[in-house]
Amino acid sequence: MLIGVTGGIGAGKSTVLSLFEELGEPTIDSDALVHQLYAEDAGLRDALVQRWGQHVLDRNGLVDRRQVAAKVFGCPRELAWLNARVHPLVRLRLQAQAKAWAGRCFCAVPLLFEVGWDRDMAATLSVWCDRQTQLERLRRRGWSDAEIRSRNEAQMDMDVKMRQADFALINNGTLASLKEQCRRLLLRLNNEE
């Protein structure tokens with residue numbers, strides 16, 4: 001039983017996954033799967049270099065995610081090209097990992113609704129925060145306002161994701177508050193099974 005976890009950039013999807021892990025739930029992070037692909041898949045790495053040149057690699061010959069992001073965010077054609085190569089590989093890995101779990105598994109997919117993977121999920125969960133909180137979090141990551149804007153434009157609006165999801169977690173408060181929301185959601189899911 002896959003539970004798709006989505007939300008806006010900086011909303012707290014990774015934090016929610018770690019809280020579910022603390023509560024004893026298995027999790028999969030599709031962003032981590034992308035990072036694995038960048039590190040392990042020579043064919044993907046070669047395709048990126050052929051498309052954008054050697055400067056998308058770091059000094060160790062690994063894919064530099066910031067360089068890739070600079071190429072694709074703000075350029076829909078390049079983003080579509082990248083997604084067409086990466087998404088099928090991620091989906092295969094996600095499905096393989098999910099099969100290893102006998103029961104429920106929470107799976108973070110930032111573009112869950114955008115790519116239609118919500119159809120693969122037993123339920124969907126959106127993590128939401130207000131815009132000011134999102135901006136503060138992303139600026140602490142060192143992102144410029146232009147970078148934040150271009151990445152937000154490449155995704156469905158956080159409010160829309162929350163309305164489309166089966167469940168929502170509001171992440172404007174404390175970590176304890178967010179953990180309590182996760183705990184209550186698990187109780188509800190357990191009662192519905």
Quick one: [atom1] on [X] to [atom2] on [Y], what's the gap to the nearest 0.5 Å?
{"X": "Cys105", "Y": "Leu2", "atom1": "SG", "atom2": "CG", "answer": "6.0 Å"}
{"X": "Thr15", "Y": "Leu169", "atom1": "OG1", "atom2": "CG", "answer": "11.5 Å"}
{"X": "Leu178", "Y": "Ser18", "atom1": "CG", "atom2": "OG", "answer": "8.5 Å"}

Is the shortest heavy-atom distance from the side chain of [X] to the side chain of [Y] under 4.5 Å?
{"X": "Thr6", "Y": "Leu125", "result": "no"}
{"X": "Trp128", "Y": "Asn172", "result": "yes"}
{"X": "Val115", "Y": "Asn83", "result": "no"}
{"X": "Ile3", "Y": "Cys107", "result": "no"}
{"X": "Cys129", "Y": "Met158", "result": "yes"}
{"X": "Asp157", "Y": "Arg163", "result": "no"}
{"X": "Lys71", "Y": "His55", "result": "yes"}
{"X": "Glu147", "Y": "Arg66", "result": "yes"}

Following the transitive rule for hydrophobic clusters with a side-chain heavy-atom cut-off under 4.5 Å over Ile, Leu, Val, Met, Phe, Trp and Tyr, establish whether [X] and [Y] coincide in one cluster.
{"X": "Val16", "Y": "Met162", "result": "no"}
{"X": "Leu62", "Y": "Trp52", "result": "no"}
{"X": "Val68", "Y": "Trp81", "result": "yes"}
{"X": "Leu48", "Y": "Leu57", "result": "yes"}
{"X": "Leu94", "Y": "Leu44", "result": "yes"}

By salt bridge (charged side-chain N to carboxylate O under 4.0 Å, His left out), which residues pair with [X], not counting sequence neighbours?
{"X": "Glu114", "result": "Lys161"}
{"X": "Asp41", "result": "none"}
{"X": "Arg51", "result": "Glu78"}

If only atom types and distance count, is the side chain of [X] paired as donor or acceptor with the main-chain N or O of [Y] below 3.5 Å?
{"X": "Arg188", "Y": "Arg184", "answer": "no"}
{"X": "Arg137", "Y": "Gly10", "answer": "yes"}
{"X": "Gln155", "Y": "Gly8", "answer": "no"}

Closer than 4.0 angstrom, basic N to acidic O: yes or no for [X] and [Y]?
{"X": "Arg183", "Y": "Glu180", "answer": "yes"}
{"X": "Asp64", "Y": "Arg59", "answer": "no"}
{"X": "Glu136", "Y": "Arg131", "answer": "no"}

Co-members of the apolar cluster containing Ile148 [side chain, <4.5 Å]: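 Noted: Ile148 shares its cluster with Ile9, Leu135, Leu138, Trp143.
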Shared-cluster residues of Leu92, by chain and number - hydrophobic side chains joined below 4.5 Å: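 None, because no other hydrophobic side chain comes under 4.5 Å of this residue.
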Heavy atoms from other residues, nucleotides or ligands near CZ of Arg77 exceed 12 (cutoff 6.0 Å):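 Check fails, neighbour count at 12 or below.
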Neighbour count above 12 (heavy atom, 6.0 Å) for Glu40 CD: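 Yes, the 6.0 Å shell around CD holds more than 12 heavy atoms from other groups.
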From CA spacing to verdict: side chain to side chain donor-acceptor pair (under 3.5 Å), Asn152, Gln134: CA-CA 10 Å; Asn152 271 331; Gln134 180 191 41; 3.2 Å; yes
Parallel, tilted or perpendicular: ring planes of Trp117 versus His87, cut at 30 and 60 degrees: perpendicular
Worked check of side chain to side chain contact (heavy atoms under 4.5 Å, CB included) between Phe167 and Val127: CA-CA 9 Å; Phe167 304 100; Val127 184; over 6 Å; no
Test side chain to side chain contact (heavy atoms under 4.5 Å, CB included) applied to Glu25 and Leu17, step by step: CA-CA 9 Å; Glu25 298 293 318; Leu17 278 194; over 6 Å; no
Asp118 and Thr124 side chains, donor-acceptor separation under 3.5 Å: no
Step-by-step side chain to side chain contact (heavy atoms under 4.5 Å, CB included) determination, Val63 to Val56: CA-CA 6 Å; Val63 174; Val56 297; 5.6 Å; no
Expected list for residues 29-36: side-chain donor-acceptor pairs under 3.5 angstrom, two or more places apart:
| residue | atom | partner | partner atom | Å |
| --- | --- | --- | --- | --- |
| Asp29 | OD1 | Asp31 | N | 2.9 |
| Ser30 | OG | Ala108 | O | 2.8 |
| His35 | NE2 | Arg65 | NE | 3.1 |
| Gln36 | OE1 | Arg93 | NH1 | 3.3 |

Check against side chain to side chain contact (heavy atoms under 4.5 Å, CB included), Leu19 and Leu175: CA-CA 9 Å; Leu19 291 172; Leu175 188 60; 4.0 Å; yes
